[in-house]
Each structure stands twice: as C-alpha cells, then as structure tokens.
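In what follows, every chain begins at residue 1, and chains take the letters A, B, ... in the order their sequences are listed.
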Amino acid sequence: MSRQSISKLQERLLDWYGKHRRVMPWRAAKGKMPNPYHVWLSEIMLQQTTVVTVGPYFMKFIEKWPTVEALAKAKLDDVLTAWAGLGYYARARNLHKCAVIIAKEHGGKFPASVEALMELPGIGPYTAAAISSIAFNRSAVAVDGNVERVVSRFFAIQEPLPASKETLRMHAAKLAAGNGYPGDFTQAFMELGATVCTPRKPKCGMCPWQRACQALKQGIAEQLPRKTIKAKNPVRYGKVFWIQKKSKEFLIEKRTGKGLYEGLYQLPTTEWMQDNEMAKKLPHSYNRQLHFKQLSANVRHSFTHFDLVLEIWTAQPSKGFKANKGKFVSAEEIDTYALPTLMHKVVKLCLRAKTT
DNA sequence: TGTCCACGTCT
DNA sequence: AAGACGTGGAC
C-alpha cells in the first residue's frame, strides 16, 4: 500500500473516531490530555475485561485512591477487596506493586516511553504502548484483540491466531505509521474493533475502512480471524464447607499458597481434583468435630483452564468448636473481604438455603 | 446448555 | 515458552 493510501485510511479512521468515540470515565475530553494514572488504572482493569464491567470498579478506585501515591499507601488487602469480582487477581497485586514503584522511584509520575513502562509490573507490550500513546501522545502501536481482528480482516489474513500474532502486529504498525495523533489513533483503532468490526455480525456498512477491506471484498469478514481450535477444559471436583453459627455468622479463611486466588478469602474447601471419585472421598475439614450435611445443589464455575464443580456441605458448629484458622463473619460484612466470585456464588446459595 | 469472546502478562 | 490466571455476557 502506498504512503498516500495509508494516510487516507488514517484520516478516515480519525474522522470516524471524532464522531463516534464513546464517553468513558478515564477518557479525556476531546483535545485534552488524559490523567496518566487514570489511563494506567483503566488499561490494567481492561485487560481481558469488558468496558461495562470495568466502569464501576474504576470509579470506586479513583474515589478511594485519587492518586497513584494514595494507591501506593493502601494495604494490598484493601486493594484486593476493591478488586474482588474483577478476576485475574495477579493484576491487582501487580497494580499495587507498580503504584509503590511509581510513588517511590518515579516521584509519582509515570514514565512516558514504552521501554520504561515495560519495566513495571503488570505492564506488557500492549499496555505499555497504550499508556505511552494515550497518556503521553507518543507514537506506539497498541495491539489488542480488537486491533488483531480489524487487521486480520482488513488484509484477509488466513493464518490462524495465535500463530499470526507477529504478522498482525506488523500490519497494524504499517496502518498506524506516522498518523500524527498517536493517542486518538490508538483509541480509534481499538474502538473500531469494539463497536464496528465486532467478532460476530460486524457492521461493515458503518466502517470507515469498508472500501479497502479485503475480507469484506471476499465476503469472509465474519470468518476472520481464524483460530486454532483449543481443547475442551478439564473438569475438577471438590467440596466447600458452610459452617454457620446460630448467630448466622459463617466461617471464612484466607487462602494460602501461590497462584489461583492468591491472598483472597474463601469458605473452607478441599483441594480441587480431576478425579471425581477421589474428590468425593476427601475428608471434610473439621469432620471429627462437626456433622456435615450435603446441600442438593452444586456450584459450578468456569476458569480459563478448567471447569469446577463444588459440592456444598453444611454444619452448625458445636459449643466448643474451635476453627483451625479463619474467622466467623456476618453476611453484612462479607464485602469488606476480598471474596472471589466463585465464593460469592456459594455464599449466596447457602444464605438462601436456610441451612440452620 | 455450551461455546466463544474479552486476546494480555507472567513464569 | 506453553500454561496459569477469572468472570460475565452474547448467542
């Protein structure tokens, strides 16, 4: 493609963005530079998460912690509590780590270059480019899933993802080169994918690039990008324990160990195993002290890499009951703990089941 | 109901 | 460097 036709495409996209850009709490008004703290916070939250879901969380965070320094001073536990429900909790742990580094080592200012941003925890190639371009108006190409989809269709790339990632990135860079408005262009590119060049039923009639789009010309827009088929998730099984006093308080504990739900709270649970027969044989926590009854309903939850089925076992603690760890809390105060959605599902079900 | 999508970073 | 890492919504 000639330099001239690329310029024309850039102009059309920027025009389209000027007319159709959505209002978002972290977005600066037209012609204004955004707050880098807001850009960073929103970009971390938006990793793997939709705009609609992120909205309320973003508002809550900037009210609680109006500056990166304020966030740096917060306790990790409070950050996790505020993050609870958003998923991918490593993002929250890295968010806090990053805030501390910005406050202590960067005088509270985010660096503007992609290279410096990449040094920070939780910031990879995509987020570094997004922050550098959106917050500082530096030219950088942020390639997210939206951009990959737009580019794969525009050039009718048949090679499936994820193998095609590098090819798509290079094509994206060509389309973005020298556009003159890095911040707007980055957002316009992604916004096009999010609102027009959608995964299903793309609105090609609305697209500023429709005349040059190869996939549209070939009538295969909806089939792209192709993806290598992934294997079905394995299922894991386990049990959770609802131990509720007459006073209605129930037992929760902080999760130990690394990885999944690290640092979050949960109801006592067995480990989660592939083999259902083995899982059924796992002993109840406190089974020498308490008499458990099984609820008829199970709780199901899907993770990225496995599906989970949990049996629910309930008991009322006897007089001298002593928990190994954890504490009894009321339904009203449960939101002051970082409880993942899975555990919220169990709590909700048990509160409704009238187990005592 | 199941499947796909959001597809980014870290280890 | 392939797998770990959550959750919600569309269809």
Does this structure show an ion pair linking [X] with [Y], if we count only N-O contacts that are shorter than 4.0 Å?
X       : Y       : value
D307(A) : K232(A) : no
K60(A)  : E63(A)  : no
K165(A) : E148(A) : yes

Taking atom [atom2] of [N] as reference, at what distance in whole Å does atom [atom1] of [X] sit?
X       : N      : atom1 : atom2 : answer
F306(A) : dG3(C) : CZ    : C1'   : 13 Å
L308(A) : dT7(C) : CG    : P     : 11 Å
W83(A)  : dC5(C) : CH2   : P     : 17 Å
W272(A) : dA4(C) : CH2   : P     : 14 Å
R91(A)  : dA4(C) : CZ    : P     : 18 Å
I44(A)  : dC5(C) : CD1   : C1'   : 15 Å
M343(A) : dT7(C) : CE    : C1'   : 14 Å

Could I get the full list of side-chain hydrogen bond (donor to acceptor under 3.5 Å, both in side chains) partners for [X], not counting sequence neighbours?
X       : answer
R27(A)  : Y17(A), Q187(A), E191(A)
R153(A) : none
T167(A) : none
S318(A) : none

What's the gap between [N] and [M] when it is taken at their [atom1] atoms, as a whole Å value?
N      : M      : atom1 : answer
dT7(C) : dG3(C) : P     : 22 Å
dG6(C) : dC4(B) : C1'   : 16 Å
dT9(B) : dG8(C) : P     : 22 Å
dG9(C) : dT1(B) : C1'   : 15 Å
dC7(B) : dA2(C) : P     : 22 Å

* Taking the side chain as every heavy atom from C-beta outward, state whether T49(A) and Y57(A) have any atom pair closer than 4.5 Å. =>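 Sidechains of Y57(A) and T49(A): no contact.
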* Hydrophobic cluster partners of V114(A) (side-chain heavy atoms under 4.5 Å) ->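 Answer for V114(A): M118(A).
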* Looking only at side-chain N and O atoms, does H301(A) come under 4.0 Å of OP1 or OP2 in dT7(C)? ->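 Yes, because at least one side-chain N or O of H301(A) sits under 4.0 Å from OP1 or OP2 of dT7(C).
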* **Distance test, side-chain N/O of H305(A) to OP1/OP2 of dA4(C), below 4.0 Å** =>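 No, outside the criterion.
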* B/S/- contact track for nucleotides 1-11 of chain B, protein heavy atom under 4.0 Å -> --SBSBBBSS-
* Specify whether F303(A) and W272(A) have parallel, tilted or perpendicular ring planes, treating 30° as the upper limit for parallel and 60° as the lower limit for perpendicular. =>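 It falls in the tilted class, 30° to 60°.
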* Selection: residues 253-263 of chain A, any non-hydrogen atom under 4.0 Å of DNA chain C ->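 Residues of residues 253-263 of chain A under 4.0 Å from DNA chain C: G259(A), L260(A), Y261(A).
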* To do: Can you sort out which residues in residues 331-338 of chain A have a heavy atom within less than 4.0 Å of DNA chain C? Ascending by number, please.
  =>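 The stretch gives none, as no residue of it lies under 4.0 Å from the strand.
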* To do: Dot-bracket notation for DNA chain B is requested: 5' to 3', Watson-Crick or G-U wobble pairs only, both distances under 3.5 Å, with ( ), [ ], | and . as defined.
  => .|||||.||||
* With ring-ring contact (aromatic ring centres under 6.0 Å, His included) as the test, would you mind laying out the steps for F241(A) and F292(A) before giving the verdict? => CA-CA 8 Å; F241(A) 304 101; F292(A) 283 100; 5.1 Å; yes
Under the salt bridge (charged side-chain N to carboxylate O under 4.0 Å, His left out) test, residues paired with [X] that sit two or more places apart:
X       : answer
K258(A) : E262(A)
R211(A) : none
K322(A) : none

